[in-house]
Amino acid sequence: MRDPAAARTEAARDAMLALLGAVVEGRGDETAMALRIEAKLAHATLLHRATFASVGMDAVQAERLAHRNVATCTKLVAGYLDVQLDDGNPNVDPTLGKPESAIALLE
């Protein structure tokens, strides 16, 4: 049986990649890859600060910002995920059920 959290993460990742592909269409693969690397580095930096910051408030702020960024991305792709669920996309785990909104799927 598949882990529901892993399925949610995979669905959100696939949706974000589809959105990125649409945004950079015609600009070349280098642009998409550069944006992906930049986003991963920025998120990793926040998570590192949240875990290892010597000042407690810096860690708290970094963790909040990391969560806020993930929530923003989730909202950006929620409609796409709704369509994927409606179309019976095999990459969306059917054991998760049909939520009222894809945001419910990702929370």
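Source: prediction; values computed, not measured. For the numbers below, each heavy atom of this structure counts, side chains included, while hydrogens, waters and symmetry mates do not.
Summarising the geometry, atom CZ belonging to Arg13 is positioned 11.0 Å from atom CG belonging to Leu20; distances are rounded to the nearest 0.5 Å. Taken from CZ in Arg36 to CE in Met33, the straight-line distance is 5.0 Å, to the nearest 0.5 Å.
Applying the salt bridge (charged side-chain N to carboxylate O under 4.0 Å, His left out) test to residues at least two apart or on different chains, the pairs with a partner in residues 58-72 are Arg49-Asp58. The ring pair (Phe, Tyr, Trp, His ring centres under 6.0 Å) pairs that include a residue from residues 26-48 are His48-Phe52, where partners are two or more places apart or lie in different chains.
Of all the heavy atoms in Ala50 and Ala62, the pair that sits closest is N-CB, 3.7 Å. Taking both residues in full, the closest heavy atoms of Leu47 and Ala66 are given as CD2-CB, 4.0 Å, listed atom of the first, atom of the second, then distance.
Partners of Thr31 by side chain to side chain contact (heavy atoms under 4.5 Å, CB included), not counting sequence neighbours, listed by chain and number: Val24, Arg27, Leu35. For Leu19, the side chain to side chain contact (heavy atoms under 4.5 Å, CB included) test picks out Met16, Val23, Leu76, Val77, with sequence neighbours left out.
Grouping Ile, Leu, Val, Met, Phe, Trp and Tyr by side-chain contacts under 4.5 Å, direct or through others, puts Leu65 with Leu46. In the hydrophobic clustering, where aliphatic and aromatic side chains (Ile, Leu, Val, Met, Phe, Trp, Tyr) are joined below 4.5 Å either directly or transitively, Met57 stands alone.
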